[in-house]
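Following: one structure in structure tokens, then a few remarks.
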Amino acid sequence: MKFYNKLIYWYLKNKRTLPWRETQNPYFIWLSEIMLQQTRVAQGLSYYLKFTTTFPTVFDLAKADESTVLKMWQGLGYYSRARNLHYSAKYIVNELNGVFPSTYKEIIKLKGVGDYTASAIASICFNEPTAVVDGNVYRVLSRYFGIYTAINSTEGIKEFKTLAQSLIDKKQPGTYNQAIMDFGATQCKPQNPLCESCPFNDSCVAFEKNLVKELPVKEKKIKVRKRYFNYLVIKTEDQKTILSERKGKGIWQGLYQFPLIESDKSINQKEIVNSEKFIDLFPNETTISLYNKKEIIHKLSHQHLYTSFWIVETKSLKKATISWNKIKQFPVPVLVANFLEEFQPKN
DNA sequence: AACTCGGGGAC
DNA sequence: GTCCCAGAGTT
């Protein structure tokens, strides 16, 4: 029996019921695929429902402000996905008359769409036999065929794409692609895969040679940068504060935060008050107090942010233009959202 | 080729 | 703590 027949047989019996499996609307499939990049189904699901409800068509998404899109994306991470999604929605509306491109070659031109996403959309929506290679596919193929090539090397990326392409069922590429991903997610899992009940355990190289735990091979690990964030949470007597948008490179582009004093180590209240930024911001009298006694360690994949929130009260401040009761309309990082939730449970 | 971009869940 | 998730863009 061919590889794809066995796989699709498994899929038809074991597939998860998911909302984006009920449609071939390329706009919906696109939304789901962008959201699920480096994101578990369980985490992306509610965002998918929220987006498809609020923006039922690409025209609705294109019409929205970027800030609105980011607010809806808040908490999902990798915010460039939301910015690129919005950019591409406007492109589809303005340049393509709202018609979603229908071939891999055209789909991959969209910003935020790479080989994986273009293959997924082309196969699921337009029946084009382009094989997806995501983390699940790397794992399934490296184990089944006993391949040691690092999945994040240039060579590995090429090798696995070619292999995946040779295995696809050209008559039902969309079903095949979803099958191999679902199989990787629920059966051939990273840890404790269900080999004893696996339909491939009579022909899987890794199972036969007891290499399941060694595969797939991945090169090098990331190193984590430590940063020290001191947020100045301003409260004026007329209930205003300052939020500013993060611009340029780095994390959280387009999201908002309180005025930030960053340092390369922990700093105390005296150092805050004597800093250039603080003096520039508050020429007049203020009261400052540390909100969290212990630094909050916010962990990103490449950075650990040691964070202190400083409550700064002052009579009035010209730059403080944002009312506290409107603060939750702004897209903010989870680090800031968590603080606001505790500091201002209302709204 | 290496780095950067979030947040969370499973172990 | 470690790994990694329906990856892509930039340097």
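The chains referred to below are lettered A, B, ... by the order of the sequence lines, with proteins before strands, and numbering in each begins at 1.
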Taking [M] as the reference, what is the distance to [N] when you measure between their [atom1] atoms (whole Å, please)?
{"N": "C/dC3", "M": "B/dG6", "atom1": "C1'", "value": "15 Å"}
{"N": "C/dA8", "M": "B/dG8", "atom1": "P", "value": "22 Å"}
{"N": "B/dC5", "M": "C/dC5", "atom1": "C1'", "value": "14 Å"}

For A/Asp169, the option from A/Asn177, A/Ile8, A/Leu7 that meets side-chain contact (heavy atoms from CB on, under 4.5 Å):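 The residue from A/Asn177, A/Ile8, A/Leu7 that satisfies side-chain contact (heavy atoms from CB on, under 4.5 Å) with A/Asp169 turns out to be A/Ile8.
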Would you mind classifying the nucleic acid contact of [X] as base, sugar-phosphate or nothing, using non-hydrogen atoms under 4.0 angstrom?
{"X": "A/Val113", "answer": "sugar-phosphate"}
{"X": "A/Asn177", "answer": "nothing"}
{"X": "A/Lys249", "answer": "sugar-phosphate"}
{"X": "A/Gly250", "answer": "sugar-phosphate"}
{"X": "A/Gln253", "answer": "nothing"}

Members sharing A/Ile267's hydrophobic cluster (side chains within less than 4.5 Å): A/Leu232, A/Ile234, A/Ile242, A/Ile261, A/Ile272, A/Val273, A/Phe278, A/Leu281, A/Phe282, A/Ile288, A/Leu290, A/Trp310, A/Val312, A/Leu317
Strand contacts (DNA chain B) in residues 65-76 of chain A, 4.0 angstrom heavy-atom criterion: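 DNA chain B contact set from residues 65-76 of chain A: A/Gly75, A/Leu76.
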Positions of residues 10-41 of chain A (non-hydrogen atom under 4.0 Å from DNA chain B), listed by number: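 Residues of residues 10-41 of chain A that come under 4.0 Å of DNA chain B are, in numerical order, A/Gln38, A/Thr39, A/Arg40.
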First encountered from the 5' end of DNA chain B, between A/Ile222 and A/Ser153: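 By nearest-heavy-atom nucleotide position, the 5'-most residue is A/Ser153.
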Along DNA chain B (nearest heavy atom to each residue), the more 5'-positioned of A/Val334 and A/His302: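 Its nearest nucleotide being more 5', the pick is A/His302.
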Among [options], ring-ring contact (aromatic ring centres under 6.0 Å, His included) partner for [X]:
{"X": "A/Phe100", "options": "A/Trp30, A/Phe59, A/Phe28, A/Tyr91", "answer": "A/Trp30"}
{"X": "A/Phe309", "options": "A/Tyr291, A/Phe343, A/Tyr231", "answer": "A/Tyr231"}
{"X": "A/Tyr144", "options": "A/Tyr138, A/Phe200, A/Phe160", "answer": "A/Phe200"}

Whole angstroms only, please: what is the [atom1]-[atom2] distance between [X] and [N]?
{"X": "A/Tyr78", "N": "B/dG7", "atom1": "OH", "atom2": "P", "answer": "10 Å"}
{"X": "A/Leu335", "N": "B/dG7", "atom1": "CG", "atom2": "C1'", "answer": "12 Å"}
{"X": "A/Asn338", "N": "B/dG7", "atom1": "CG", "atom2": "C1'", "answer": "10 Å"}
{"X": "A/Ile251", "N": "B/dT4", "atom1": "CD1", "atom2": "C1'", "answer": "11 Å"}
{"X": "A/Asn84", "N": "B/dC5", "atom1": "CG", "atom2": "C1'", "answer": "11 Å"}

Nucleotide interval of DNA chain C bounded by contacts with chain A (heavy-atom cut-off, under 4.0 Å): C/dG1 to C/dT11
Partner residues of A/Glu262 under the side-chain hydrogen bond (donor to acceptor under 3.5 Å, both in side chains) criterion, sequence neighbours left out: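 Expected list: A/Arg227.
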Check: A/Thr57 side chain, A/Asp60 main-chain N or O, donor-acceptor pair, under 3.5 Å: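 Yes, because the side chain of A/Thr57 sits within donor-acceptor range (under 3.5 Å) of the backbone of A/Asp60.
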Short side-chain to backbone donor-acceptor contact, A/Lys235 and A/Ile311, under 3.5 Å: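 Judged by distance alone, no pair lies under 3.5 Å.
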Salt bridge flag under 4.0 Å for residues A/Arg225 and A/Asp264: no
Ignoring hydrogens and angles, write down the donor-acceptor pairs under 3.5 Å from the side chains of residues 101-113 of chain A, residues two or more places apart or on other chains.
from	atom 1	to	atom 2	distance (Å)
A/Thr103	OG1	A/Glu106	N	3.3
A/Tyr104	OH	A/Asp115	OD1	2.5
A/Glu106	OE1	A/Lys109	NZ	3.4
A/Glu106	OE2	A/Lys109	NZ	3.3

Residue A/Tyr148 excluded, over 12 heavy atoms near OH under 6.0 Å: yes
Which residue lies more 5' along DNA chain C, comparing A/Thr117 with A/Ser301 via nearest heavy atoms: A/Ser301
Residue mapping more 5' on DNA chain C - nearest nucleotide basis, A/Gln178 or A/Leu110: A/Gln178
Inter-residue atom distance A/Arg83.CZ - A/Leu70.CG, 0.5 Å rounding: 7.0 Å
Presence of A/Trp252 side-chain N/O under 4.0 Å of B/dG7 phosphate oxygens OP1/OP2: yes
Distance test, side-chain N/O of A/His298 to OP1/OP2 of B/dG7, below 4.0 Å: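 For B/dG7, OP1/OP2 do have a side-chain N/O of A/His298 under 4.0 Å.
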Aromatic A/Tyr9 / basic A/Lys6 pairing, under 6.0 angstrom, 45° off normal: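 Cation-pi check for A/Lys6 and A/Tyr9: fails.
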